[in-house]
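Below: the structure, in structure tokens.
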Amino acid sequence: MVSNFRGIKPLLLATLLLVLFACSKAPTPYTWPLPDYVPKPVVPKDNPMTEESVLLGKTLFFDTALSGNNTLSCSSCHAPEYAFAEPKPVSIGAAGDALNRNALALVNVAYNATFTWAHNNLESIEKQIMIPLFNEHPIEMGVTGNEQQILARLNTPVYQQLFEQAYSTKAPTMDAVVKALANYVRSLVSFNSAFDDYAYAGNDDALTAQQIEGLNLFFSERTECFHCHGGVNFTQSSKHSFQAFAVQPFHNTGLYNEDGKGSYPASDMGLYSVSHNKKDMGKFRAPTLRNIALTAPYMHDGSIGSLEEVVEFYARGGNKANELNPYRSPFIKGFSLSESEKAALVAFLNSLTDEKFLKTHNRHKN
Ligand code: HEC
Ligand code: HEC
């Protein structure tokens, strides 16, 4: 008997070593699918981008197991078909609570200097993700109080392997869940629209004559669009590896003027609701306009239904433009465009849709 065991020992040892080797295999650094003209986003030092963490994050993103009552996934409100936004004016949480805001498209979030429609003190995607997971007023995914149950749901052989490969822990932890989700969100980069083909790859045929007319209007002093939706990501609020400091401006577009003195509805006063500084009344982040054709309805509360109506809104200089409004940005001053110019501006916005992004990030492919 004893000698039999001796024969088996080296084999056992070899197997053990092999298993150890397989387990300690370092995660693969993530390859950013970015064109040359786009700088890499800044990634937190304690959560490096790896292929394995992005895969784990993707699997979690589409899984209802992450909500307390197992009904809602991140993708319920951020659906890939709509560039990770949703067609409802405002989102509905797992317990049926209506949120006061429209789901933001998750497009180039990695480049945002600030997160959500209006917050100047949420400095990482990791922190932002805690909100839908743990928020109680209103409940979004309803994780609070259900943490152990959710981690137990994730304790399957498939997840154990994904967690092990990404974060060297077989047992799922909330810390690893949040980190993996953040890395998946960071991987949602979109720079392959017809506009990019025209503007950066030098393909003169990529845009129609009407879209080029719209492009010129967008970047003109007549409409002022580019002042707030500027740069490679069509938002001024950005941060990337070529830039020493993050820029985080917020603007009041004159969407509301409740009292003829510029105030916004009490349910959502934008940055003012966070800072309580009067000058921040009604200020919101100008979101990226990439893939904008897919993310209707528009604005922080989904109150504008179509791009045509957005253009009309800016053309009249915001809502109640004739009433006093000390908060409205001086760049929102109204303009007059002919019907065909308005159509050209919308045609240009449509050229910012990235078909390759939609194909790469459809919900079925892993
Ligand atoms: C009930 C709908 C809902 C669910 C579920 C949801 N979100 Fe959101 N998400 C929103 C809304 C609404 C906003 C805008 C919030 C705001 O401005 O205050 C948002 C904003 C975000 C942002 C900020 C994007 C930016 O550009 O600043 C990120 C990142 C995000 N969500 C990721 C996630 C992840 C990851 C999950 C899953 C853990 C998730 N969301 C689940 C509705 C939802
Ligand atoms: C003063 C800065 C500013 C200017 C100028 C400006 N925008 Fe905006 N834009 C914003 C802000 C801020 C928001 C979000 C407002 C809100 O949700 O209340 C926004 C929202 C939008 C949205 C909706 C985005 C979404 O995801 O729902 C579109 C589309 C848009 N702008 C297009 C344009 C066009 C086209 C022009 C030029 C005609 C323009 N913007 C000019 C700041 C600006």
Side-chain angles (χ1 to χ4, degrees), residues 57 60-61 63 66-67 72-78 83-86 88 90-94 97-112 114-119 122 125-126 128-133 135 138-143 177-178 181-182 184-186 188 214 217-218 220 222-230 234-237 249-256 264 268 270 282-289 291-293 295-304 306-307 309-311 313-315 318 328-333 335 337 342 345-346 348-349:
L60 291 165
F61 190 89
D63 196 339
L66 267 193
S67 58
L72 213 64
S73 67
C74 306
S75 67
S76 307
C77 301
H78 300 286
F84 295 89
E86 67 172 336
K88 290 180 191 145
V90 296
S91 294
I92 310 291
D97 300 356
L99 277 54
N100 61 357
R101 290 192 178 158
N102 177 254
L104 270 163
L106 303 182
V107 172
N108 299 337
V109 178
Y111 293 93
N112 287 345
T114 70
F115 303 96
T116 76
W117 284 97
H119 208 302
L122 257 180
I125 303 179
E126 283 78 355
Q128 145 63 27
I129 286 176
M130 306 295 270
I131 301 175
L133 286 173
N135 209 7
I139 289 179
E140 294 187 45
M141 299 190 67
V143 171
V177 165
V178 169
L181 284 169
Y184 175 60
V185 168
R186 259 190 279 279
L188 303 174
L217 286 167
F218 186 92
S220 74
R222 268 174 87 189
T223 66
E224 307 283 11
C225 309
F226 72 104
H227 276 294
C228 305
H229 301 280
F234 292 87
T235 165
Q236 283 167 311
S237 169
F250 299 89
H251 315 272
N252 178 312
T253 59
L255 189 61
Y256 292 98
Y264 266 48
D268 198 348
K283 282 192 179 173
F284 289 85
R285 186 183 83 194
T288 179
L289 299 181
N291 298 301
I292 195 70
T295 68
Y298 300 106
M299 306 303 183
H300 69 274
D301 56 356
S303 59
I304 301 188
S306 67
L307 289 175
E309 290 166 85
V310 170
V311 169
F313 160 79
Y314 283 114
R328 188 174 44 231
S329 161
F331 289 120
I332 309 289
K333 50 189 171 48
F335 47 80
L337 294 185
K342 285 178 188 163
L345 189 51
V346 171
F348 165 67
L349 294 173

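As the structure lists them, so they are numbered: ligands from 1, and atoms in each ligand from 1. Reckoned from all heavy atoms, side chains included, excluding hydrogens, waters and symmetry mates.
- When only non-hydrogen protein atoms are considered, atom 12 (C) of ligand 2 lies nearest to F284 O, 3.3 Å.
- For atom 22 (C) of ligand 1, the closest non-hydrogen atom of the protein is Q128 NE2, 3.0 Å.
- Remark: ligand 1 and R101 share an N or O pair separated by less than 3.5 Å (distance only, no angle test).
- Looking at T223, its side chain does come within 3.5 Å of a backbone N or O of L217 through a donor-acceptor pair.
- Residue L133 has at least one heavy-atom neighbour below 4.0 Å for each of these atoms of ligand 1: 38 (C).
- Between the choices M130, E140, H78, the shortest heavy-atom distance to atom 31 (N) of ligand 1 belongs to H78.
- Of all atoms in ligand 1, listed by their number and element, those nearer than 4.0 Å to a heavy atom of I92 are 1 (C).
- For the pair T116 and ligand 1, the shortest N or O to N or O distance falls below 3.5 Å.
- Some N or O of W117 is nearer than 3.5 Å to an N or O of ligand 1, by distance alone.
- Among protein heavy atoms, atom 38 (C) of ligand 1 sits closest to C74 SG, 2.7 Å.
- Classified by interplanar angle (parallel below 30°, tilted 30° to 60°, perpendicular above 60°), the ring pair H227/F331 is parallel.
- For ligand 2, one of its N or O atoms has an N or O atom of H229 under 3.5 Å away.
- Of the polar atoms of Y314, at least one N or O is found under 3.5 Å from an N or O of ligand 2, judged by distance alone.
- Y264 contributes a side-chain N or O that, together with a main-chain N or O of L255, makes up a donor-acceptor pair within less than 3.5 Å.
- The protein atom (non-hydrogen) at minimum distance from atom 16 (C) of ligand 2 is H300 ND1, 3.3 Å.
- Of all the atoms in ligand 1, the ones that sit under 4.0 Å from a non-hydrogen atom of N102 are 12 (C), 14 (C).
- The residue from G57, C77, G142 that puts a heavy atom closest to atom 2 (C) of ligand 1 is C77.
- Around atom 42 (C) of ligand 2, the closest heavy atom drawn from T253, T223, L104, I332 belongs to T253.
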### Task
Would you please test F218 and L349 for side chain to side chain contact (heavy atoms under 4.5 Å, CB included) and show each step?
CA-CA 9 Å; F218 186 92; L349 294 173; 4.2 Å; yes
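- Remark: minimum distance from atom 34 (C) of ligand 2 to any protein heavy atom is reached at C225 SG, 3.5 Å.
- Closest to atom 5 (C) of ligand 2, if we only count protein heavy atoms, is E224 O, 3.4 Å.
- Residue I292 places a heavy atom under 4.0 Å from ligand 2.
- The option with the heavy atom closest to atom 13 (C) of ligand 2, from among P287, G214, A118, is P287.
- In terms of protein heavy-atom proximity, atom 41 (C) of ligand 1 is closest to P132 CB, 3.5 Å.
- Put simply, the side chain of T235 gets close to the backbone of A286: a donor and an acceptor are under 3.5 Å apart.
- Using modelled atom types, no side-chain atom of N135 and backbone atom of E140 make a donor-acceptor pair closer than 3.5 Å.
- Residue-ligand proximity, S73 to ligand 1, at heavy-atom distances under 4.0 Å covers atoms 5 (C).
- With a 4.5 Å cut-off on side-chain heavy atoms, N108 and F234 do not count as touching.
- For atom 26 (O) of ligand 1, the nearest non-hydrogen atom from the set E86, R285, H119 comes from R285.
- No side-chain donor-acceptor contact under 3.5 Å links R328 to the backbone of G318.
- In terms of modelled atom types and a separation under 3.5 Å, the side chain of Y298 and the main chain of I292 share a donor-acceptor contact.
- Neither the backbone nor the side chain of F250 has a heavy atom within less than 4.0 Å of ligand 2.
- Among protein heavy atoms, the minimum distance from atom 15 (C) of ligand 2 is reached at M299 SD, 3.7 Å.
- C228 SG, 3.3 Å is the protein heavy atom nearest to atom 4 (C) of ligand 2.
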